[in-house]
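Here the structure is a predicted model, which means the values were calculated and not measured.
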Amino acid sequence: MSRIGKRPVAIPSGVTADINGNVLSVKGPKGTLSLGMSDLINYTVEDGGISVMPANDSKQARAFWGMQRTLVSNLVEGVTSGFTKTLDIKGVGYRASAQGKKLKLQLGYSHDVDLEVPEGLEVKTPDQTTVEVSGIDKQAVGQFAAEIRRWRKPEPYKGKGIAYRGEYIFRKEGKKK
């Protein structure tokens, strides 16, 4: 039995959820998100929440159960409060600046890296070494943050690169003489 899947997802006030065909739609103050429903899972919208239960007793249905409940929970959380990922840039001369729908990164290459911000996301640079990616879709926020981080992953010797805030970078010792 899935411990996560057993609990229904609470729907806060100001949020509505409805099922149309094979799509679960959640609408809230920040926008609307939808999820394609799996045939292995039964979704029911009740007065206080959304229940997710396996459609049959197969191993695959039970495996999907907790994940689908978490995806529904992410929809509700996204339309109410949204998601944010913060990246810290460390390194001499490394900096970032948000210019409208573009993010300009200077990461020690012979050229600047210009990234187009996807639709539905917002990128802020409170200072030159911090990038905040925010939006209502958790997957899109995480994917774009990973694409930014990919340009200069943190390296273990000097600690330079782009890291998530709170990420621990294992530092290696240099050569000893």
Side-chain angles (χ1 to χ4, degrees), residues 1-88 96 98 100-103 115-126 130-151 153-154 161-170:
M1 290 294 277
S2 172
R3 293 182 189 165
I4 294 171
K6 286 181 191 176
R7 293 181 287 147
V9 178
I11 300 175
S13 62
V15 176
T16 59
D18 39 297
I19 298 173
N20 295 334
N22 209 19
V23 176
L24 171 69
S25 297
V26 179
K27 185 176 183 181
K30 292 212 175 227
T32 304
L33 288 174
S34 60
L35 172 71
M37 301 188 314
S38 172
D39 295 335
L40 299 172
I41 306 295
N42 290 332
Y43 305 83
T44 54
V45 178
E46 298 163 348
D47 52 316
I50 304 169
S51 295
V52 179
M53 296 298 287
N56 53 41
D57 204 27
S58 69
K59 188 173 184 177
Q60 190 176 15
R62 286 182 285 125
F64 268 44
W65 185 15
M67 180 192 65
Q68 290 296 317
R69 192 260 181 207
T70 302
L71 291 175
V72 171
S73 174
N74 287 343
L75 293 181
V76 173
E77 186 179 342
V79 298
T80 54
S81 59
F83 297 98
T84 301
K85 286 247 184 206
T86 305
L87 299 154
D88 293 323
K101 292 300 275 179
K102 284 194 182 273
L103 177 67
L115 297 174
E116 193 71 34
V117 178
E119 194 66 36
L121 296 183
E122 184 180 344
V123 174
K124 295 180 196 168
T125 50
T130 305
V131 178
E132 292 177 354
V133 181
S134 58
I136 63 172
D137 187 3
K138 187 174 187 177
Q139 191 272 335
V141 169
Q143 180 65 39
F144 189 64
E147 288 173 14
I148 294 170
R149 184 180 185 271
R150 178 184 63 119
W151 284 97
K153 289 184 180 170
I162 303 173
Y164 297 114
R165 178 156 295 162
E167 178 183 14
Y168 177 74
I169 307 301
F170 181 75

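Annotation for K30: atom NZ does not count as buried by contact number, only 12 or fewer foreign heavy atoms lying within 6.0 Å.
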- request: Show the numbers, then the answer: is there a side-chain contact (heavy atoms from CB on, under 4.5 Å) between N74 and L33?
  value: CA-CA 10 Å; N74 287 343; L33 288 174; over 6 Å; no
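Side-chain atoms of W65 come within 3.5 Å of backbone atoms of V52 as a donor-acceptor pair (strictly under, hydrogens ignored). Side chain of R69 to main chain of R7: a donor-acceptor pair is present (N/O by atom type, distance under 3.5 Å, no hydrogens or angles). Within the 3.5 Å criterion, the main-chain N or O of S134 finds no donor-acceptor partner in the side chain of T84. Side chain of S81 to main chain of E77: a donor-acceptor pair is present (N/O by atom type, distance under 3.5 Å, no hydrogens or angles).
Summarising the geometry, atom CZ belonging to R150 is positioned 11.0 Å from atom CD1 belonging to I148; distances are rounded to the nearest 0.5 Å. Distance check: K102 NZ to E116 CD gives 4.5 Å after rounding to the nearest 0.5 Å. Here the straight-line distance linking atom NZ of K85 with atom CZ of R165 works out to 13.0 Å at 0.5 Å rounding. Note that CG of L87 and CZ of F144 are 9.5 Å apart. Values are rounded to the nearest 0.5 Å. Taking CZ of R149 as the reference point, atom CG of D88 lies at 12.0 Å (rounded to 0.5 Å). To the nearest 0.5 Å, atoms NZ (K124) and OG1 (T86) are separated by 10.0 Å.
Counting heavy atoms from C-beta on, the side chains of D39 and N22 come closer than 4.5 Å. Counting heavy atoms from C-beta on, the side chains of P29 and V15 come closer than 4.5 Å. Annotation: side chain of L115 is not in contact with side chain of E147 (no heavy-atom distance under 4.5 Å). At a threshold of 4.5 Å between non-hydrogen side-chain atoms, the residues L24 and V45 count as touching.
The two residues V9 and S73 make their nearest non-hydrogen contact at CG1-CA, 3.9 Å. Closest non-hydrogen pair, G31 versus V79, comes out as O-CG1, 3.4 Å. The minimum heavy-atom distance between A163 and I169, with the atom names listed, is CB-CD1, 4.3 Å. In plain terms, the two heavy atoms of A17 and I50 that are nearest each other are CB-CD1, 3.8 Å. Minimum heavy-atom separation, D18 to N20: OD2-ND2, 3.7 Å. Between F83 and D137, the shortest heavy-atom contact is CD1-C, 4.3 Å.
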